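Proteins get letters first, then strands, A, B, ... in listed order; numbering begins at 1 in each. In this text the structure is predicted, and so the values were computed from the model without any measurement.
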2 protein chains.
Amino acid sequence: MSKPAYHHGDLESALLAGALERVRQVGAEKVSLRALAADLGVSPSAAYHHFPDKDALLSAAGFAAIDKLADQQELALAIISATGADGALARFRALGRSYVDFALNEPHLFRLAFGGHCVIPDALESDEPPRAWDILTSALDGLVEAGLLKAEFRENSEILVWSAVHGVATLILEGQLPAEAADGLFDSLAQMLGVRP
Amino acid sequence: MSKPAYHHGDLESALLAGALERVRQVGAEKVSLRALAADLGVSPSAAYHHFPDKDALLSAAGFAAIDKLADQQELALAIISATGADGALARFRALGRSYVDFALNEPHLFRLAFGGHCVIPDALESDEPPRAWDILTSALDGLVEAGLLKAEFRENSEILVWSAVHGVATLILEGQLPAEAADGLFDSLAQMLGVRP
DNA sequence: ATGATGATCTTTACACTGTACAGATATCCT
DNA sequence: AGGATATCTGTACAGTGTAAAGATCATCAT
């Protein structure tokens with residue numbers, strides 16, 4: 001698309017895609033705005049007509065990264081064909097697995113997404129919760145409907161599950177816990193949620 | 001100690017302390033090695049005789065930060081005078097609270113400690129686990145002895161609890177969860193661990 | 001079609017960064 | 001004492017983010 005024009009056509013999304021890919025490869029603190037611009041065949045300060053500064057670009061890339069995580073989770077869910085109780089349980093575990101796998105397979109994107117680069121818009125008061133929350137809510141509702149999750153444990157369980165999975169992912173990523181800790185966590189979670197496999 | 005010598009006496013620890021304090025104030029990615037050196041009355045490249053590069057200094061500061069966190073946890077534990085079941089439960093909650101509080105009160109130190117700056121030495125195969133692990137183990141043992149934590153839930157509970165607390169701390173810190181989520185998490189944890197308050 | 005308007009990109013420039021290298025200086029050991 | 005060694009300085013270089021002013025294009029009212 002877009003002619004090989006002098007004005008490059010669509011710099012903004014090219015910058016975003018380029019930044020995201022570079023972060024993915026070398027990490028956020030090693031991406032250079034100048035080098036990125038040079039690679040796109042554009043002057044050093046061209047980016048400033050689309051983003052106020054480098055942090056804003058990285059922040060946008062960060063939100064793209066957290067979206068990629070949600071995409072991967074939904075993809076992992078879509079694969080599961082089982083229905084009923086088996087399906088609900090499989091979906092629950094797949095959600096945790098894909099979250100941890102994303103963190104370990106794309107450590108730089110994961111750190112970008114949750115490492116303070118993403119400027120909080122006004123998420124506290126935002127009427128719509130993060131995508132990860134909605135995905136998780138559906139999975140937990142599925143567990144309740146299947147009779148696997150005791151109703152008395154349903155409240156606040158999004159917080160518990162999301163926190164635990166996110167925590168184990170980052171602790172493994174930063175070398176504080178061994179990789180096997182993830183499986184241990186999933187077992188513990190399932191056990192404590194009252195799930196009987 | 002050490003004279004006000006031309007050779008500054010003890011640059012290494014001065015650099016470490018300075019770096020730690022600067023990270024605390026402005027965040028890791030905004031500390032300048034040159035500015036730090038200038039502030040210590042020392043030439044720009046003086047630091048290179050004590051640390052191979054800037055990352056190494058930040059890494060050392062990161063390990064100091066994670067030590068500070070452990071200090072704060074032990075301090076929070078020491079304050080609690082209650083004994084028996086009440087004490088065990090109070091200690092358990094204080095551990096979580098101090099962890100989350102540290103993250104929210106010292107966000108830059110927390111991110112430095114768990115944000116990929118700390119080079120993993122060989123922690124996977126290391127014979128001794130992180131300090132946070134030991135502290136947590138004692139608290140959980142206390143819960144079991146007090147009859148508050150069911151023995152069937154004891155296995156892997158360090159992983160579950162540490163992950164959940166760490167996760168909720170970072171998710172709140174990055175604006176993905178509201179601050180009240182921490183209390184909800186503690187309640188959920190206590191409930192699911194079988195604790196009856 | 002023309003000319004103005006606004007968006008997009010370039011040029012130039014500045015202050016600052018991390019760090020390599022060679023030399024100066026102080027301390028310590030024999 | 002003197003020489004070895006650790007510690008720090010001076011200088012220099014390539015690279016960085018970004019501010020300011022000018023060039024170039026697309027679009028649209030006339």
Side-chain angles (χ1 to χ4, degrees), chain A residues 1-62 108 111-112 115-119, chain B residues 1-62 108 111-112 115-119:
Chain A
M1 299 320 95
S2 71
K3 52 222 74 165
Y6 187 72
H7 269 24
H8 181 278
D10 191 9
L11 224 199
E12 177 165 339
S13 53
L15 281 170
L16 217 162
L20 191 62
E21 179 58 18
R22 277 158 180 264
V23 168
R24 200 184 79 88
Q25 288 174 355
V26 301
E29 59 268 292
K30 312 199 112 178
V31 319
S32 151
L33 212 54
R34 292 180 93 109
L36 173 56
D39 236 53
L40 294 175
V42 118
S43 89
S45 49
Y48 288 84
H49 298 264
H50 301 275
F51 299 92
D53 58 359
K54 185 189 180 183
D55 266 356
L57 173 57
L58 285 182
S59 177
H108 295 135
R111 291 205 192 95
L112 176 69
H117 280 282
C118 291
V119 176
Chain B
M1 295 326 92
S2 71
K3 53 224 75 169
Y6 187 73
H7 270 26
H8 181 278
D10 193 6
L11 225 199
E12 177 164 339
S13 53
L15 282 169
L16 218 162
L20 192 61
E21 179 58 17
R22 277 157 178 265
V23 167
R24 200 183 79 87
Q25 288 174 355
V26 300
E29 59 268 293
K30 312 197 112 178
V31 320
S32 151
L33 211 55
R34 291 180 93 109
L36 173 57
D39 236 53
L40 293 176
V42 118
S43 89
S45 48
Y48 289 85
H49 299 263
H50 300 276
F51 299 92
D53 58 2
K54 185 189 179 183
D55 266 357
L57 173 57
L58 285 181
S59 176
H108 295 135
R111 291 204 192 94
L112 175 69
H117 280 282
C118 291
V119 177

Along DNA chain C (nearest heavy atom to each residue), the more 5'-positioned of B:His49 and A:Ala46
A:Ala46
Separation between CG of A:Leu20 and OG of A:Ser13, rounded to the nearest 0.5 Å
12.0 Å
Would B:His117 and B:Glu29 satisfy side-chain contact (heavy atoms from CB on, under 4.5 Å), going step by step from the backbone distance to the final call?
CA-CA 10 Å; B:His117 280 282; B:Glu29 59 268 293; 5.9 Å; no
Looking only at side-chain atoms of B:Lys54, point me to the closest of D:dC8, C:dT19, D:dG17.
C:dT19
Counting heavy atoms from C-beta on, name the nucleotide in C:dT17, D:dG17, D:dT9 closest to the side chain of B:Ala35.
C:dT17
Kindly indicate, with the supporting measurements, whether the criterion side-chain contact (heavy atoms from CB on, under 4.5 Å) is fulfilled by B:Phe51 and B:Leu33.
CA-CA 11 Å; B:Phe51 299 92; B:Leu33 211 55; over 6 Å; no
How many Å lie between CG on A:Asp39 and C1' on D:dT16, as a whole number?
16 Å
Whole angstroms only, please: what is the CG-P distance between B:Leu36 and C:dT17?
11 Å
With the threshold set at under 4.0 Å for non-hydrogen atoms, list the residues of residues 23-31 of chain A touching DNA chain C in residue-number order.
none
Selected nucleotide, minimal atom distance to B:Ser32 side chain, candidates D:dC8, D:dT18, C:dT17:
C:dT17
CG of A:Leu15 versus P of C:dT8: gap in Å, rounded?
12 Å
Presence of donor-acceptor pair under 3.5 Å, side chain of A:Arg34 and base of D:dG15:
no
Could you tell me the separation between the CG atom of B:Leu40 and the P atom of D:dC8, rounded to a whole number of Å?
11 Å
side-chain N/O B:Ser43 vs D:dC8 OP1/OP2, d < 4.0 Å:
no
Heavy-atom nearest nucleotide on DNA chain D for A:Leu33 versus B:Pro44: which residue maps closer to 5'?
B:Pro44
Can you tell me if the side-chain N/O atoms of B:Ser45 get under 4.0 Å from OP1 or OP2 in D:dG10?
no
Between CZ of B:Phe51 and C1' of C:dT19 the distance, given in whole Å, is 16 Å
Results of side-chain hydrogen bond (donor to acceptor under 3.5 Å, both in side chains) for A:Glu21 - residues two or more places apart only
A:Arg24, A:Gln25
Nearest whole angstrom, please: distance from the C1' of C:dT27 to the CG of B:Asp10.
15 Å
I need the B:Leu15 CG to B:Asp39 CG distance, nearest 0.5 Å.
11.5 Å
For D:dC8 and B:His50 - does any side-chain N or O of the residue sit under 4.0 Å from the phosphate oxygens OP1/OP2?
yes
When the distance from CG of A:Leu11 to P of C:dC9 is rounded to whole Å, what number comes out?
4 Å
Taking the side chain as every heavy atom from C-beta outward, state whether A:Arg34 and A:Pro44 have any pair of such atoms under 4.5 Å apart.
yes
From CA spacing to verdict: side-chain contact (heavy atoms from CB on, under 4.5 Å), A:Val31, A:Leu36:
CA-CA 8 Å; A:Val31 319; A:Leu36 173 56; over 6 Å; no
If I take atom CG in residue A:Leu57 and atom C1' in nucleotide D:dT16, what distance separates them, rounded to the nearest angstrom?
15 Å
